[in-house]
K.L.:
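Dropping a structure here in structure tokens format, bear with me for questions.
Each chain gets a letter, A, B and so on, in the order its sequence line appears, and its residues count up from 1.
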Protein chains: 2
Amino acid sequence: MAKFDAGPPITRPALRRDEVVSGIKDYIVRNQLRPGDPLPTEAELCEAVGASRSSVREAVKTLSALDIVDVRHGHGTYVGRMSLNALVESLAFRGLLTSEDDHLVLGQVVEIRQTIEQGLAPQVADGLDDEQLATLRRLADGMAEAAERGEDYLELDRQFHLLLMEPLHNDLIQQLTGAFWEVQSIVTPTLGAAHKEALTLTASLHLAIVEAAEAHDIAALRNAVAAHYAPIRELIASAKSVKA
Amino acid sequence: MAKFDAGPPITRPALRRDEVVSGIKDYIVRNQLRPGDPLPTEAELCEAVGASRSSVREAVKTLSALDIVDVRHGHGTYVGRMSLNALVESLAFRGLLTSEDDHLVLGQVVEIRQTIEQGLAPQVADGLDDEQLATLRRLADGMAEAAERGEDYLELDRQFHLLLMEPLHNDLIQQLTGAFWEVQSIVTPTLGAAHKEALTLTASLHLAIVEAAEAHDIAALRNAVAAHYAPIRELIASAKSVKA
DNA sequence: CAGGATTTGTACGTATGTATT
DNA sequence: CAATACATACGTACAAATCCT
């Protein structure tokens with residue numbers, strides 16, 4: 001333990017795989033490639049970077065996990081869409097890991113979602129056009145009907161929250177909204193199954209959001225959003241206290 | 001090798017690697033492992049999942065990219081910290097790709113950062129204690145001094161924005177703040193080098209944020225945050241118009 | 001400090017599954 | 001259906017890093 005060899009410079013071991021990762025990234029930027037554009041085959045990449053197939057494959061798998069490249073079996077390798085899928089994977093797994101004890105990550109995700117939607121209330125309240133408002137109402141009505149039948153309405157809920165962010169014309173916010181929604185929908189089941197009353201209540205809270213938006217009432221919209229997240233927050237809090 | 005067809009009538013298109021990925025994830029949750037806990041060696045994983053070392057390694061590399069596992073050469077494989085590093089990698093690369101044309105992603109990142117900081121202004125304004133406020137002022141002063149010397153102050157800026165979010169006691173928001181900051185700091189240089197005047201101006205805008213926070217004035221804080229992001233937004237806008 | 005044991009990293013060869021022509 | 005091009009998977013051997021005796 002007492003050997004603190006400060007002598008040699010701290011040059012990185014420079015793993016072959018990491019060099020290949022950088023090489024592929026460089027290739028994409030140098031050639032101005034866009035999502036969907038084809039990349040050289042594995043064999044060509046080996047030749048170009050001077051590495052074995054093993055190293056190239058591992059590098060490609062790393063980039064594939066980040067959605068920087070997209071590999072299609074028997075077809076080829078292409079530039080990926082760089083979605084936020086990696087964020088979802090990582091966060092969802094973190095959420096599942098901590099769900100047994102407290103539901104720490106789930107609570108944090110809910111808080112972020114609420115923060116973003118409340119923070120953007122001004123742009124949302126006067127950015128939604130009539131058609132979007134009509135669609136929102138239709139979605140909220142659909143939730144209520146599904147709840148009445150005792151069914152859940154995951155997809156309706158997802159579309160609702162995505163549409164709410166549409167007036168911002170910011171792809172990144174849209175994708176973040178979708179990512180957090182997905183994380184929540186993956187982790188929430190660890191809290192237990194939803195009751196029919198909870199479904200009905202949540203559906204009505206979505207309708208309240210629509211009505212606030214229709215009135216272009218920013219403060220009301222903020223309150224409606226907060227009310228919408230209240231039930232899930234209580235669920236999380238009660239799960240915590242049960243454990244203690 | 002058509003002598004394996006005694007079992008399932010439908011042959012799965014399931015890739016070996018993906019099975020290993022799920023297997024490792026399951027192993028972690030089943031054994032309630034926490035970040036830093038050791039995982040079986042590659043050889044043991046091969047035995048456990050019944051896959052070759054190549055497949056196991058590629059699976060591990062996928063999980064490694066998401067920071068779900070952490071591999072140390074010559075030492076072993078451990079449960080990772082599930083940081084938002086994957087988000088940074090993916091977004092930063094996307095930003096670099098689109099930087100040549102417009103600076104679309106950069107603009108979106110800036111907008112998100114501003115949205116979050118403005119949206120959380122209430123909690124920030126009355127959540128910061130005196131010590132935190134003092135530290136913020138010290139950081140802002142440090143920026144001004146650095147600017148005077150013509151130096152940049154990346155690390156001070158990062159600490160400033162992280163500290164600003166500290167009163168929320170929400171790890172995820174902290175990490176998101178750090179992640180977006182990092183993406184911006186990676187992509188911004190494509191706009192060109194910063195002038196000394198810009199550095200001085202931005203430093204003073206940070207000081208304005210501190211003063212608004214000290215006064216616990218929510219509206220002033222929101223305005224100060226907006227003003228803080230105004231210069232970079234103008235830079236991005238002017239870069240766009242130049243191209244057009 | 002040396003050297004062996006353990007573990008991950010790299011390379012190569014071969015066979016198989018998959019999609020296009 | 002055949003041929004071709006490509007990714008996938010397995011197995012083995014050796015190199016490099018880390019730890020421990």
K.L.:
In whole angstroms, how far is the P atom of dC10(D) from the CD atom of E47(B)?
P.N.:
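So the two atoms are 14 Å apart, to the nearest Å.
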
K.L.:
Tell me the closest heavy-atom pair linking Q132(A) and G127(A), and the distance in Å.
P.N.:
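The pair with the smallest heavy-atom distance is OE1-O, 3.9 Å.
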
K.L.:
For DNA chain C, what residues of residues 57-67 of chain A have any heavy atom nearer than 4.0 Å?
P.N.:
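Here the set is empty: none.
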
K.L.:
With respect to the phosphate group of dT7(C), does any side-chain polar atom (N or O) of T77(B) fall under 4.0 Å of OP1 or OP2?
P.N.:
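The answer is no; no side-chain N or O of T77(B) sits under 4.0 Å from OP1 or OP2.
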
K.L.:
So, under a plain 3.5 Å distance rule, would you say the side chain of R53(B) forms a donor-acceptor pair with the base of dG9(C)?
P.N.:
yes

K.L.:
R17(A) side chain N/O closer than 4.0 Å to the phosphate oxygens (OP1, OP2) of dT10(C)?
P.N.:
yes

K.L.:
Give a yes/no answer on whether the side chain of H75(B) brings an N or O atom under 4.0 Å of OP1 or OP2 in dC19(D).
P.N.:
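So the side chain of H75(B) is within the cut-off, an N or O lying under 4.0 Å from OP1 or OP2 of dC19(D).
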
K.L.:
List in chain and number order the residues that pass side-chain hydrogen bond (donor to acceptor under 3.5 Å, both in side chains) with E47(B), two or more places apart in sequence or in another chain; answer none if no residue qualifies.
P.N.:
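So E47(B) forms no side-chain hydrogen bond (donor to acceptor under 3.5 Å, both in side chains) with any residue.
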
K.L.:
Who are the side-chain contact (heavy atoms from CB on, under 4.5 Å) partners of L97(B), not counting sequence neighbours?
P.N.:
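Counting only residues at least two positions away or on another chain, L97(B) forms a side-chain contact (heavy atoms from CB on, under 4.5 Å) with I28(A), V29(A), R34(A), M82(A), F93(B).
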
K.L.:
Under 4.0 Å, heavy atom to any atom of DNA chain C: which of residues 39-46 of chain B qualify?
P.N.:
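Here the set is T41(B), E42(B).
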
K.L.:
Pairs of donor and acceptor atoms involving the side chains of residues 178-185 of chain A, under 3.5 Å and at least two apart or interchain, shall be tabulated with distances.
P.N.:
residue: W181(A); atom: NE1; partner: D157(A); partner atom: OD2; Å: 2.6
residue: Q184(A); atom: OE1; partner: R113(A); partner atom: NH1; Å: 2.7
residue: S185(A); atom: OG; partner: E182(A); partner atom: O; Å: 2.9

K.L.:
For residues I232(B) and T202(B), determine if any side-chain heavy atom of one lies less than 4.5 Å from a side-chain heavy atom of the other.
P.N.:
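I232(B) vs T202(B): side chains apart.
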
K.L.:
Could you give the distance from CG (L164(B)) to CD1 (I173(B)), rounded to the nearest 0.5 Å?
P.N.:
12.0 Å

K.L.:
So does L199(A) get a backbone contact from the side chain of Y153(A), meaning a donor-acceptor N/O pair under 3.5 Å?
P.N.:
yes

K.L.:
List the atom of A239(A), the atom of H103(A), and the distance in Å for their closest heavy-atom pair.
P.N.:
CB-CD2, 3.8 Å

K.L.:
Choosing from dG9(C), dC10(D), dT10(C), which nucleotide comes nearest the side chain of S52(B)?
P.N.:
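Selected nucleotide (nearest to the side chain): dC10(D).
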
K.L.:
With respect to the phosphate group of dA11(C), does any side-chain polar atom (N or O) of R16(A) fall under 4.0 Å of OP1 or OP2?
P.N.:
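Checking dA11(C) against R16(A), a side-chain N or O does come within under 4.0 Å of OP1 or OP2.
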
K.L.:
Rounded to the nearest angstrom, tell me the gap between atom CG in L15(B) and atom C1' in dT16(C).
P.N.:
13 Å

K.L.:
With a 3.5 Å cut-off and just heavy-atom distances, do the side chain of H73(B) and the base of dT8(C) make a donor-acceptor pair?
P.N.:
yes

K.L.:
Nearest whole angstrom, please: distance from the C1' of dG17(C) to the CD of E19(B).
P.N.:
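In whole Å, dG17(C) C1' and E19(B) CD are 14 Å from each other.
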
K.L.:
Find which nucleotide of DNA chain D each of S54(A) and G76(A) is nearest to by heavy atoms, and output the residue with the more 5' nucleotide.
P.N.:
G76(A)

K.L.:
Determine which pairs satisfy side chain to side chain donor-acceptor pair (under 3.5 Å) with at least one residue from residues 51-63 of chain A, sequence neighbours left out, and list them in order.
P.N.:
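Those involving residues 51-63 of chain A are R17(A)-E58(A), E42(A)-R57(A), R57(A)-E58(B), E58(A)-R57(B).
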
